[in-house]
Number of protein chains: 2
Amino acid sequence: MIITRATEYAIRAVLYMSRFPTGDIVLKKDICRTQDVTPAFLTKIFQPMIKEGIIGSQRGVGGGFYLKKEPKHITLYDIFEIQEDPLYLNKCLIEEGNCARDTYCPVHSAWENVREKMIDQLRLYDFARLAAEEKENIQKRIQTRNNCAQD
Amino acid sequence: MIITRATEYAIRAVLYMSRFPTGDIVLKKDICRTQDVTPAFLTKIFQPMIKEGIIGSQRGVGGGFYLKKEPKHITLYDIFEIQEDPLYLNKCLIEEGNCARDTYCPVHSAWENVREKMIDQLRLYDFARLAAEEKENIQKRIQTRNNCAQD
DNA sequence: GGCTGCCTGACCAATTTTGTCAACATTTTT
DNA sequence: AAAAATGTTGACAAAATTGGTCAGGCAGCC
């Protein structure tokens with residue numbers, strides 16, 4: 001089980017855009033260059049996110065994309081949900097009860113549970129947090145490198 | 001994100017085998033018939049599970065497959081791990097630190113965390129439990145149906 | 001030794017992923 | 001109003017993965 005390139009690119013792109021003030025237009029070519037995606041593919045990936053109101057777009061000269069929501073209010077799950085198919089719930093071994101619509105397959109409810117917990121986890125990570133962590137990590141890295149240089 | 005047919009078949013097959021005493025040989029054709037898998041595909045799916053010591057096989061007349069471990073000691077994760085690729089960890093935006101091997105990309109650690117929680121959840125479900133739940137659900141279903149018949 | 005059944009690796013079709021492209025629709029600039 | 005810069009859309013296509021099949025080999029049992 002794996003996340004698709006599309007999901008990864010989408011996350012990286014939003015993380016990159018989170019560095020700029022919400023609403024500021026970010027140039028497509030800048031996103032593509034820094035995140036290593038082709039423009040055509042980025043456009044494709046962004047479409048559903050624009051429809052969902054996470055990202056906005058501006059045509060014409062000086063156009064590009066911008067965050068429509070505060071990074072704090074965008075979570076990994078928001079991106080995940082848009083880019084990935086839902087977790088597959090396996091068909092029940094015993095189906096089509098006449099009297100009830102309950103699920104008889106124990107594996108079914110197990111997967112539902114796993115899926116819920118997974119969603120809960122993904123919701124913990126909003127992009128304000130991720131951007132802050134990234135910044136912090138970069139700081140630490142610079143310090144560590146300096147220390148090493150002294151050795 | 002979805003689980004493969006192979007994973008689902010594998011889980012269903014082990015759940016079916018859990019109904020029989022551990023070590024008892026179960027005929028391939030019975031597994032295939034009840035779980036709706038082709039024999040050739042089931043063979044393919046079972047191979048890695050045999051290598052991992054979850055299932056045993058017996059050739060010759062009266063041969064087939066059997067559980068090598070108690071259902072109680074087989075969890076959904078055991079099957080999942082064998083059949084699915086590991087959760088993809090996205091590459092760090094900032095890579096190849098000279099001084100440290102730490103990860104600087106915050107998304108990386110987020111995925112690691114999600115993965116761990118997912119594994120924890122999958123480990124909660126062992127096949128003794130699943131088999132018991134299945135049995136229970138079938139009982140309930142019969143009762144419900146009887147009630148409906150009275151209406 | 002022959003029958004029954006699993007094992008292995010090669011093979012293949014269908015589906016999904018990962019893009020690309022061309023024509024079109026807007027917006028800004030001049 | 002025309003031109004230039006950009007995003008939008010849908011069709012297309014290559015590559016990878018999934019979901020199987022098959023033939024020949026191997027191991028037990030009678």
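Predicted model only: the values in this text are computed from it and were never measured.
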Whichever of A:Phe41 and B:Gly63 has the more 5' nearest nucleotide on DNA chain C, that residue is B:Gly63
Tell me if the side-chain of B:Lys28 makes a donor-acceptor pair with the base of C:dG5, cut-off 3.5 Å, by modelled atom types. no
Heavy-atom closest pair, residues B:Lys68 and B:Thr22: C-CG2, 4.4 Å
Could you state the atom-to-atom distance from CD1 of B:Ile2 to C1' of D:dG19 in whole Å? 13 Å
Nearest-nucleotide check on DNA chain D, B:Pro39 vs A:Lys51; residue mapping nearer the 5' end is A:Lys51
Contact class for B:Phe65 vs. all strands (heavy atom < 4.0 Å): base, sugar-phosphate, or nothing? sugar-phosphate
Using a 4.5 Å cut-off on heavy atoms from C-beta on, say whether the side chain of B:Gln35 contacts that of B:Tyr9. no
Sort me out a list of protein N/O and nucleotides 14-17 of chain C N/O pairs below 3.5 Å, or just none if empty.
none

Is any side-chain N or O of A:Tyr9 closer than 4.0 Å to OP1 or OP2 of C:dT18? no
In whole Å, what is the span from the CD atom of B:Gln47 to the P atom of D:dT21? 16 Å
For a quick check, with a 4.0 angstrom heavy-atom cut-off, what is the B/S/- contact string for nucleotides 25-30 of chain D, read 5' to 3'? BBSBS-
More than 12 heavy atoms of other groups within 6.0 Å of B:Lys69 NZ: yes
Hey, does the side chain of A:Ser57 come within less than 4.0 Å of D:dT8's phosphate (OP1/OP2), counting only N and O? yes
Is any side-chain N or O of A:Thr38 closer than 4.0 Å to OP1 or OP2 of C:dT18? no
CD1 of B:Ile3 versus C1' of D:dG19: gap in Å, rounded? 14 Å
NZ/NE/NH1/NH2 to OD/OE distance under 4.0 Å, B:Arg115 and B:Glu112: no
Atom-to-atom span, CD1 of A:Ile55 to P of D:dG7 - whole angstrom: 12 Å
Please give, in whole Å, the distance from D:dT18 C1' to A:Met1 CE? 13 Å
For the student: nearest non-hydrogen atoms of B:Cys32 and B:Thr38, plus distance: SG-C, 3.9 Å
Does a salt bridge link A:Asp126 with A:Arg129, judged by any charged N lying under 4.0 Å from a carboxylate O? no
Within a strict 4.5 Å, meaning less than it, do heavy atoms of the A:Asn137 and A:Glu134 side chains meet? no
On DNA chain C, does the nearest nucleotide to A:Gly62 precede the nearest nucleotide to B:Lys44 from the 5' side, or the other way round? Give the residue. B:Lys44
Does B:Asp30 CG have over 12 foreign heavy atoms under 6.0 Å away? yes
Take atom CD of A:Gln83 and atom P of C:dG19, then tell me their distance rounded to the nearest Å. 13 Å
Just by distance, with hydrogens left out, do B:Glu84 and B:Thr4 show a side-chain donor and acceptor under 3.5 Å apart? yes
A:Phe46 CZ to D:dT9 C1', straight-line distance once rounded to whole Å: 17 Å
Around B:Asp120, counting heavy atoms of other residues, nucleotides and ligands shown, do more than 12 lie under 6.0 Å from its CG? yes
Rounded to the nearest angstrom, tell me the gap between atom CD1 in A:Ile50 and atom C1' in D:dT8. 9 Å
